[in-house]
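Please read these numbers as outputs of a predicted model, since none were measured by experiment. Every heavy atom of this structure was used, including side-chain atoms; hydrogens, water molecules and symmetry mates were not.
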Amino acid sequence: MILGVAVFAGLLLGLLLDRLGRRIWQPPVFRHSWLVAIFFLPQFLAFYLPATRGLFSAQLVAASLVLSQFGLLAFCLFNWRLTGIPVLTVGLFLNLIVILANGGMMPVSPETVSRLVSSETMARLEIGERLGTTKSILLTEEMMVFPWLADRFVPPDWIPYRFAFSVGDVFIGLGAFVLLAFPTRKEFAIKKGNPSYDNQPDIQAANNGGKRRC
Amino acid sequence: MKNTTAQFVSIVSKIKMQHIQIAVMVMVALMLALGAGAPTDGGGIGH
């Protein structure tokens with residue numbers, strides 16, 4: 001959910017800057033966007049769709065997550081030149097490393113989980129098991145490979161929504177925010193009213209959807 | 001019935017290609033961020 005907030009916050013800021021006349025907001029033009037639809041599907045079934053997420057075994061969940069993230073990584077490489085994508089790719093790469101190194105799921109320690117759930121729920125959890133319907137597995141710090149890349153950060157207590165996140169998640173949230181807040185390429189950034197706009201027929205054409213005015 | 005149809009047609013005619021492009025782009029960005037990230041949601045634990 002927190003990454004969804006980053007996406008919509010970026011979109012709102014981008015549209016707001018456009019409305020205020022600071023810059024022209026144009027949706028980023030993705031290449032091979034079908035890759036995202038195809039490779040998000042395993043995760044949608046394994047983690048998000050209530051009717052199917054309980055049907056996946058631990059091995060199948062891990063395979064779905066790793067396969068999906070490799071596909072998304074390929075999409076990021078195809079779209080490397082878009083603003084925000086390099087930052088997002090770094091985050092995806094960091095998450096993928098720690099997930100691969102820990103058996104296909106994101107490790108999280110009991111100390112971190114104890115800050116998210118009640119003591120009753122905590123008492124029911126076992127080391128080495130998947131945490132409910134999340135992408136995470138409960139491991140002690142000693143059992144983890146690359147523990148500094150695991151979900152180990154928790155928001156301040158005054159935020160009611162409780163979640164733990166990794167360094168990779170920070171990069172992904174930041175990249176997604178920038179991707180939607182500032183998607184406009186430099187050549188589009190000169191807006192009507194700027195003295196240099198009248199001398200830039202290519203920029204005018206780009207701002208008019210690729211059609212040159214004669 | 002005619003009113004409902006007219007309202008529907010009116011709403012649909014206001015949807016521009018750019019709105020559809022933005023909706024698709026936001027969906028792609030959302031799927032990318034959700035798929036790439038792996039935060040542990042406290043609400044998903046214990047289910």
Inset, instruction - Check whether more than 12 heavy atoms from other residues, nucleotides or ligands sit under 6.0 Å from atom CE of A:Met122, and answer yes or no. - result: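 Enclosed: over 12 neighbouring heavy atoms sit under 6.0 Å from CE of A:Met122.
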
Legend entry - Exceeds 12 heavy-atom contacts within 6.0 angstrom, atom CZ of A:Phe171: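 No, because the 6.0 Å sphere around CZ of A:Phe171 holds 12 heavy atoms or fewer from other groups.
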
At a heavy-atom distance under 4.5 Å, which candidate from [options] has the highest pair count against chain B?
{"options": "A:Pro28, A:Gly173, A:Gly175", "answer": "A:Pro28"}
{"options": "A:Met106, A:Arg130, A:Arg115, A:Met105", "answer": "A:Met106"}
{"options": "A:Val7, A:Leu116, A:Ile2, A:Val154", "answer": "A:Val7"}

Restricting to non-hydrogen atoms, name the atom on [X] and the atom on [Y] that form the minimum distance, rounded to 0.1 Å.
{"X": "A:Leu180", "Y": "B:Ala29", "result": "CD1-CB, 4.1 Å"}
{"X": "B:Ile22", "Y": "A:Pro27", "result": "CG1-CG, 3.9 Å"}
{"X": "B:Ala38", "Y": "A:Ser136", "result": "O-OG, 4.5 Å"}
{"X": "A:Lys135", "Y": "B:Gly37", "result": "NZ-O, 2.7 Å"}

Check each atom of [X] against the heavy atoms of chain B and say whether the ones under 4.5 Å are side chain, backbone, both or neither.
{"X": "A:Tyr161", "result": "side chain"}
{"X": "A:Phe75", "result": "side chain"}
{"X": "A:Phe163", "result": "both"}
{"X": "A:Phe44", "result": "neither"}

Legend entry - Atom pair OG (A:Ser33) and CE (B:Met31), whose distance is rounded to the nearest 0.5 Å: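 The OG atom of A:Ser33 sits 8.0 Å away from the CE atom of B:Met31.
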
Inset, instruction - First locate atom CG of B:Asp41, then atom OG1 of A:Thr133, and finally report the distance between them rounded to the nearest 0.5 Å. - result: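 Spacing of CG (B:Asp41) from OG1 (A:Thr133) equals 8.0 Å.
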
Inset, instruction - Would you mind reporting whether A:Leu11 and B:Val26 have side-chain heavy atoms less than 4.5 Å apart? - result: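 Yes; the side chains approach each other to less than 4.5 Å.
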
Taking distance alone, no hydrogens or angles, what donor-acceptor pairs closer than 3.5 Å link side-chain atoms of residues 86-100 of chain A to residues at least two apart or in another chain?
residue, atom, partner, partner atom, Å
A:Thr89, OG1, A:Ile85, O, 2.6
A:Asn95, OD1, A:Ser166, OG, 2.9
A:Asn95, ND2, A:Asp169, OD1, 3.0
A:Asn95, ND2, B:Ala36, O, 3.2

Legend entry - All side-chain hydrogen bond (donor to acceptor under 3.5 Å, both in side chains) counterparts of B:Gln21, not counting sequence neighbours: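 Here no residue qualifies.
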
Inset, instruction - Check each of B:Leu30, B:Leu34, B:Val28, B:Leu32 against A:Phe40 using the side chain to side chain contact (heavy atoms under 4.5 Å, CB included) test, and report the only one that passes. - result: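 Testing A:Phe40 for a side chain to side chain contact (heavy atoms under 4.5 Å, CB included) against B:Leu30, B:Leu34, B:Val28, B:Leu32 leaves exactly one candidate, B:Leu34.
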
